[in-house]
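Encoded as structure tokens, the structure appears first; notes follow it.
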Amino acid sequence: MSTLQPAELAWYVTGRFYRNAQSSAVADYGYFIYLAGIAAPMFSGTPGETTAHFTFAAAPFVATPVVNGALSLALDPVGRFSLYLQRTPAGNFDNPDSFAYGECIATFQRISVVLGTTVTTGAGQLAQSLFSSNVFTAKLIDSVPFALAGATYDLRQILGQGVTQFGTAAATAVTPAPSPYDLVIPFTGSAIGVGG
């Protein structure tokens with residue numbers, strides 16, 4: 001098991017941002033489509049949230065909005081997210097907490113404020129979001145070795161010090177949003193290793 005070189009592909013994920021209707025806090029949950037160094041199957045069947053063996057869940061945070069013309073920016077504070085091994089997959093986007101089931105195998109902390117950008121067209125009531133993007137670097141702060149399909153893995157040995165992820169979110173919300181959320185936005189992310 002070798003550590004990723006700087007800028008080597010670390011993972012592909014897909015998930016959803018959930019905004020709490022009362023607190024305006026946002027959290028993201030989802031699953032891994034690819035995770036570097038893992039030779040075992042990522043899914044127990046057709047790829048999707050209900051069959052994913054590797055999932056993630058973030059601690060909720062409140063973003064600070066900034067507007068610059070057609071760009072709507074969101075400054076997300078430093079926060080943590082964890083990766084889980086679900087030997088029996090249980091992820092379900094209607095129950096976002098389900099992505100935190102199973103064994104916690106790693107925890108990351110974003111090392112700085114995250115800048116998210118939403119691009120819109122039009123103005124006023126005619127304004128329409130086209131897409132959103134963000135970039136962040138996260139440091140691996142905890143990792144637990146785990147056995148899977150006859151092999152033992154440790155994400156610290158695979159991913160090194162952490163990752164930089166580039167994300168793209170849809171312009172259209174998922175409806176209906178499960179309670180207590182009022183906004184659910186799907187996204188995808190690609191991460192590269194930072195080395196070490």
Side-chain angles (χ1 to χ4, degrees), residues 4-19 25-38 42-43 47-63 71-86 89 91-93 96-102 104-119 129-143 155-156 158-174 181 183-195:
L4 293 180
Q5 297 298 309
E8 189 175 355
L9 182 65
W11 67 51
Y12 293 128
V13 296
T14 192
R16 294 181 182 177
F17 293 110
Y18 293 79
R19 185 178 68 190
V26 175
D28 51 291
Y29 305 88
Y31 62 94
F32 288 79
I33 297 169
Y34 168 79
L35 184 55
I38 305 298
M42 299 295 293
F43 301 93
E49 80 267 22
T50 61
T51 62
H53 286 294
F54 294 91
T55 61
F56 64 89
F61 57 88
V62 176
L71 301 179
S72 296
L73 311 176
L75 302 177
D76 304 346
V78 170
R80 293 185 177 184
F81 62 95
S82 295
L83 279 57
Y84 298 86
L85 168 60
Q86 297 195 5
N92 183 333
F93 282 128
D97 289 340
S98 65
F99 292 95
Y101 295 169
C104 183
I105 57 174
T107 298
F108 289 79
Q109 180 162 320
R110 297 189 301 273
I111 63 173
S112 65
V113 169
V114 179
L115 176 64
T117 305
T118 299
V119 180
S129 295
L130 298 176
F131 69 92
S132 298
S133 66
N134 66 43
V135 179
F136 66 84
T137 296
K139 181 179 180 181
L140 179 59
I141 60 173
D142 189 36
S143 178
L155 293 184
R156 184 172 304 283
I158 297 170
L159 300 177
Q161 296 297 313
V163 298
T164 295
Q165 178 170 301
F166 303 83
T168 302
T172 304
V174 174
Y181 305 103
L183 183 66
V184 179
I185 301 290
F187 71 89
T188 185
S190 304
I192 57 174
V194 296

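Just so it is clear, the structure is predicted and the values come from calculations on it, not from any experiment.
The shortest distance between side-chain heavy atoms of Phe32 and Leu83 falls below 4.5 Å. Within the 4.5 Å cutoff, side-chain heavy atoms of Phe56 are placed close to those of Asp28. Two residues are said to be in side-chain contact when any heavy atoms from C-beta on lie closer than 4.5 Å; Leu35 and Leu155 meet this criterion. Put simply, the side chain of Ile33 does not reach to within 4.5 Å of the side chain of Pro47, judged on heavy atoms. By the 4.5 Å heavy-atom criterion applied to side chains, Tyr29 and Glu49 are not counted as neighbours. When side chains are defined from C-beta on, Phe54 counts as touching Leu85, because their heavy atoms get closer than 4.5 Å. The shortest distance between side-chain heavy atoms of Met42 and Tyr34 does not fall below 4.5 Å. Residues Val119 and Leu71 have side chains in contact (heavy-atom distance under 4.5 Å, counting atoms from C-beta outward).
Using modelled atom types, one side-chain atom of Tyr18 and one backbone atom of Phe93 make a donor-acceptor pair closer than 3.5 Å. In this structure a side-chain-to-backbone donor-acceptor pair under 3.5 Å is missing from Ser132 to Ala171.
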Worksheet item: Passes side-chain contact (heavy atoms from CB on, under 4.5 Å), Ile158 versus Ile38? Steps please.
Response: CA-CA 9 Å; Ile158 297 170; Ile38 305 298; 4.2 Å; yes

Discussion item. Run the side-chain contact (heavy atoms from CB on, under 4.5 Å) test on Thr51 and Tyr31 for me, step by step, so that the C-alpha distance in whole Å, both residues' side-chain angles and the decisive distance to 0.1 Å come before the verdict.
Written reply: CA-CA 9 Å; Thr51 62; Tyr31 62 94; over 6 Å; no

Worksheet entry | side-chain contact (heavy atoms from CB on, under 4.5 Å) between Val163 and Thr137, intermediate numbers included | CA-CA 6 Å; Val163 298; Thr137 296; over 6 Å; no

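The only member of Phe61, Phe108, Phe99 that meets ring pair (Phe, Tyr, Trp, His ring centres under 6.0 Å) when paired with Phe81 is Phe108.
Shown here for Pro60 and Ala25, the closest heavy-atom pair between the two residues is CB-CB, 4.1 Å. Taking every heavy atom of both residues into account, Ala10 and Leu159 meet most closely at CB-CD2, 3.9 Å. Ser143 and Arg156 make their closest contact through OG-N, 3.2 Å (heavy atoms, listed as atom of the first residue, atom of the second, distance). Looking at every heavy atom in both residues, Ala27 comes nearest to Ala58 through CB-O, 3.8 Å. The two residues Asn134 and Phe136 have their closest heavy-atom pair at OD1-CD2, 4.2 Å. Across Ala169 and Ile185, no two heavy atoms sit closer than the pair CB-CG2, 3.9 Å.
Within the structure, side chain to side chain donor-acceptor pair (under 3.5 Å) pairs that include any residue of residues 4-14 comprise Trp11-Gln165 (at least two apart or interchain).
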Mind listing the side-chain donor-acceptor pairs of residues 109-116 below 3.5 Å, one per line with the distance, residues two or more places apart or on another chain?
unit_1	atom_1	unit_2	atom_2	d
Gln109	OE1	Arg80	NE	2.9
Gln109	OE1	Arg80	NH2	3.3
Arg110	NH2	Pro77	O	2.7

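Counting only N and O atoms by type, the side chains of Thr168 and Thr188 include no donor and acceptor under 3.5 Å apart.
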